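Everything below concerns the one structure shown next.
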Amino acid sequence: MNSGEIKAWVDLLAHAEDMKGRHLRELFKSEENRFDRLSFTAENFLLDLSKQRITKETLNQLTALAEQQNLHEWIEKLFAGEQVNVSEKRSALHTALRLPKENELHVNGQMVTADVHASLEKMESLVRQVQQGQWRGFDGRPIRSIVNIGVGGSNLGPLMACDALEQYTPLESKLLDVHFVSSLDGSELEKLLPWLEPATTLFIVASKTFTTIDTLANANTAREWLLKASGKPVELINQHHFIAATGNVERAEKWGVPEKNQLLFWDWVGGRYSLWSVIGLPIALKVGMDNFRDILKGAHAMDVHFRETSFDKNLPVLLGLIGVWNINFLNIHAHTILPYDGRLAHLPSYLQQLEMESNGKSVNSQGERLNYRTCPVLWGEVGSNAQHAFYQLLHQGTELVMCDFITAALRYDGEGEELQLQHQLSLANCLAQSRLLALGDESASDLSYQHYDGNQPSTTIMLDELTPETFGGLIALYEHKVFVQSVIWEINPFDQWGVEKGKKVASSLLAEFKSDVSEYLDSSTQGLIQRVQAQRGQHEN
């Protein structure tokens with residue numbers, strides 16, 4: 001994109017010059033109904049943009065930019081299964097994973113919806129076997145512990161969902177413990193395995209390619225643990241203690257997981273978009289298949305809203321465009337996610353991958369170097385904890401930061417007055433912090449170190465309640481936000497070549513630890529490997 005040739009972009013640059021001199025305090029004073037004009041609702045969701053440094057004219061110009069960048073056309077390409085992942089010549093059909101069974105979708109002669117629901121039905125069958133105690137370990141006892149082995153999207157999404165929706169665990173899942181292992185160094189398994197009973201533990205190996213070194217290293221360690229504990233043949237251990245969620249049947253079977261223990265998904269499912277697929281098996285085991293289907297239902301409702309709603313009322317579109325406004329026109333390049341709900345503790349980590357792996361690009365889809373900013377640095381923490389960690393920087397630091405406050409209006413219904421009071425306290429903190437960030441404090445002491453400038457922009461996303469459906473909608477909201485920004489920036493959000501290159505370099509270095517260090521390596525890498533070798537030598541002697 002040559003931004004100078006896009007009329008809406010040029011208009012926004014001029015508009016931004018005017019807005020940079022205006023304080024949010026002034027904007028609220030000049031518009032009595034600012035909240036009414038700059039907050040938007042969809043079923044069970046409210047998006048408040050009134051604390052962003054914008055006016056209604058800003059939104060009009062941003063939606064004009066979306067029109068000029070053909071966002072409508074790109075949305076239709078996404079949902080129709082066209083090859084929006086241009087570098088890998090693939091569709092990105094995560095939206096198909098949550099289509100109702102009756103909604104037919106054909107892509108390249110494949111009946112996608114039928115395949116998706118066949119895979120879900122097989123997953124439901126396995127979930128039922130485990131929940132009802134019919135899946136047995138090597139000594140005939142029922143499974144009681146589930147360990148999901150995965151990394152990236154095969155870990156972050158299911159982990160987040162299981163924590164967020166634990167209160168919805170049905171009676172048949174109460175006896176199951178669900179654990180997650182992702183670290184390559186084995187530290188998580190080292191801590192976890194002594195607390196597990198081998199005969200009642202089932203491992204889920206979650207890997208699309210079944211070649212991910214991190215995942216296979218942990219799976220191999222888990223299998224060795226089972227073999228030593230049981231004294232049984234490896235074929236029996238594989239059959240009774242391993243399920244594979246994968247897109248590579250042959251490699252999974254070669255590793256040892258029989259095909260009847262495999263759950264299939266497809267190459268058009270990106271890792272960071274995979275919790276909707278059979279990668280969500282631990283979610284279904286934890287909260288039940290009915291609740292898992294409700295997660296899909298909530299995401300599909302957001303899909304329909306995104307596809308059918310005009311840009312001026314479209315929550316994902318508006319959320320994405322506000323990010324573009326802050327990054328490209330107000331020069332704000334840090335973004336923090338602040339859920340005021342402990343159930344969403346893993347949401348910031350999940351969104352780190354979703355946003356930075358998707359839009360952390362410096363070339364466009366044609367391979368041309370960009371001359372404008374894309375994805376900001378993103379981090380976050382549960383809001384009440386963040387207040388005691390990095391809010392000092394937000395309130396009085398030198399960095400401009402855009403913030404997303406995320407909360408639920410209702411919680412603890414019927415669970416006692418004290419818990420409801422705690423929820424109100426959390427809401428009060430959420431609203432107070434966003435208010436102070438926006439407006440500052442004119443009544444503060446004249447002492448410079450007690451002064452609050454304010455004018456830090458924030459968005460508030462309020463769910464009616466956190467349920468499986470609204471959880472699904474919230475994640476889909478952010479997925480589509482990322483897509484909107486990728487269209488504006490003309491980048492491909494569905495590949496991750498930087499990640500892939502890092503994996504290849506790591507594999508090539510592995511042999512260096514066992515031999516003379518190559519003279520072709522840089523001096524730093526040579527020196528560090530030699531240090532490791534020297535320490536090993538001393539330890540062995």
Side-chain angles (χ1 to χ4, degrees), residues 1-19 37-42 45 47-50 52-80 82 84-86 92 94-95 302-333 335 354-355 358-359 361 364-366 368 370-376 402 404 457 459 461 473 476-494:
M1 172 177 68
N2 184 342
S3 55
E5 295 177 357
I6 305 294
K7 182 181 184 302
W9 190 281
V10 174
D11 290 345
L12 279 161
L13 285 172
H15 179 62
E17 287 304 308
D18 174 57
M19 292 302 297
R37 298 182 69 194
L38 294 174
S39 62
F40 306 86
T41 57
F45 288 89
L47 179 71
D48 176 16
L49 302 179
S50 63
Q52 292 287 344
R53 289 161 57 185
I54 59 171
T55 62
K56 199 69 175 178
E57 176 59 24
T58 315
L59 290 185
N60 292 339
Q61 292 194 27
L62 286 167
T63 54
L65 176 62
E67 296 283 359
Q68 289 180 29
Q69 289 297 90
N70 300 313
L71 180 57
H72 279 295
E73 179 183 333
W74 279 100
I75 292 172
E76 286 308 305
K77 287 181 178 180
L78 176 73
F79 281 93
E82 293 190 32
V84 290
N85 182 351
V86 293
H94 44 283
T95 55
M302 187 59 70
D303 294 342
V304 173
H305 170 80
F306 178 51
R307 192 177 187 181
E308 297 181 358
T309 306
S310 61
F311 290 169
D312 61 336
K313 299 181 179 66
N314 191 308
L315 269 57
V317 171
L318 291 168
L319 191 60
L321 291 175
I322 283 297
V324 170
W325 167 250
N326 284 321
I327 295 160
N328 297 112
F329 300 98
L330 297 186
N331 297 316
I332 302 173
H333 309 302
H335 186 181
L354 176 64
E355 300 215 17
S358 295
N359 286 347
K361 310 290 171 59
N364 64 17
S365 297
Q366 289 73 47
E368 301 164 339
L370 302 179
N371 62 355
Y372 47 86
R373 297 273 196 151
T374 56
C375 185
M402 48 184 160
D404 285 3
T459 293
I461 299 171
L477 169 67
Y478 273 98
E479 286 180 348
H480 295 320
K481 169 221 166 174
V482 168
F483 182 69
V484 168
Q485 292 180 336
S486 77
V487 171
I488 302 300
W489 292 324
E490 297 183 358
I491 57 179
N492 178 5
F494 301 115

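Remember, it's a predicted structure, so these values are computed and weren't measured experimentally. Quick note: residue numbers are just sequence positions, from 1.
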Report task. Would you please name every residue forming a ring pair (Phe, Tyr, Trp, His ring centres under 6.0 Å) with Tyr478, sequence neighbours left out? Result ->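 Tyr478 satisfies ring pair (Phe, Tyr, Trp, His ring centres under 6.0 Å) with no other residue.
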**Report entry** Any residue meeting ring pair (Phe, Tyr, Trp, His ring centres under 6.0 Å) with His333, in chain and number order, not counting sequence neighbours
**Finding:**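 Counting only residues at least two positions away or on another chain, His333 forms no ring pair (Phe, Tyr, Trp, His ring centres under 6.0 Å).
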Heavy-atom pair with the smallest gap, counting every atom of [X] and [Y]:
X: Ile54; Y: Leu49; result: CD1-O, 3.8 Å
X: Ala8; Y: Gln68; result: N-OE1, 3.1 Å
X: His480; Y: Pro316; result: CB-CB, 3.5 Å
X: Asn359; Y: Cys375; result: O-CB, 3.2 Å
X: Thr459; Y: Leu319; result: CG2-CD1, 4.0 Å
X: Val84; Y: Ala92; result: CG2-CB, 3.8 Å

Does some side-chain heavy atom of [Y] sit less than 4.5 Å from a side-chain heavy atom of [X]?
X: Val487; Y: Glu73; answer: no
X: Gln69; Y: Trp489; answer: no
X: Leu38; Y: Leu59; answer: yes
X: Ile491; Y: Leu370; answer: yes
X: Phe45; Y: Phe40; answer: no
X: Arg53; Y: Phe329; answer: no
X: Ile461; Y: Leu477; answer: yes
X: Val86; Y: Phe494; answer: no

[X]: which residues meet the side chain to side chain donor-acceptor pair (under 3.5 Å) condition with it, sequence neighbours left out?
X: Glu76; result: Arg307
X: Ser358; result: Arg272, Tyr273
X: Asn326; result: Gln52
X: Asp11; result: Lys7

Examine distances only and state if a side-chain atom of [X] and a backbone atom of [Y] form a donor-acceptor pair shorter than 3.5 Å.
X: Asn492; Y: Ser365; result: no
X: Thr63; Y: Asn60; result: yes
X: Thr95; Y: Phe79; result: no
X: Asp48; Y: Ser39; result: no

Roughly how far, to the nearest 0.5 Å, is [atom2] of [Y] from [atom1] of [X]?
X: Leu12; Y: Ile6; atom1: CG; atom2: CD1; result: 11.5 Å
X: Asn70; Y: Ile75; atom1: CG; atom2: CD1; result: 11.0 Å
X: Leu71; Y: Gln485; atom1: CG; atom2: CD; result: 11.0 Å
X: Thr374; Y: Asn364; atom1: OG1; atom2: CG; result: 11.0 Å
X: Met19; Y: Thr55; atom1: CE; atom2: OG1; result: 5.0 Å

Requested in this report: Apply side chain to side chain contact (heavy atoms under 4.5 Å, CB included) to Glu355 and Lys481, showing your working.
Outcome: CA-CA 9 Å; Glu355 300 215 17; Lys481 169 221 166 174; 2.8 Å; yes
Requested in this report: Walk me through it: do His94 and Leu78 pass the test side chain to side chain contact (heavy atoms under 4.5 Å, CB included)?
Outcome: CA-CA 9 Å; His94 44 283; Leu78 176 73; 4.2 Å; yes
Query - Exceeds 12 heavy-atom contacts within 6.0 angstrom, atom NZ of Lys313 - result: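 Open.
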Requested in this report: Could you walk me through whether Trp74 and Ile488 pass side chain to side chain contact (heavy atoms under 4.5 Å, CB included), step by step?
Outcome: CA-CA 10 Å; Trp74 279 100; Ile488 302 300; over 6 Å; no
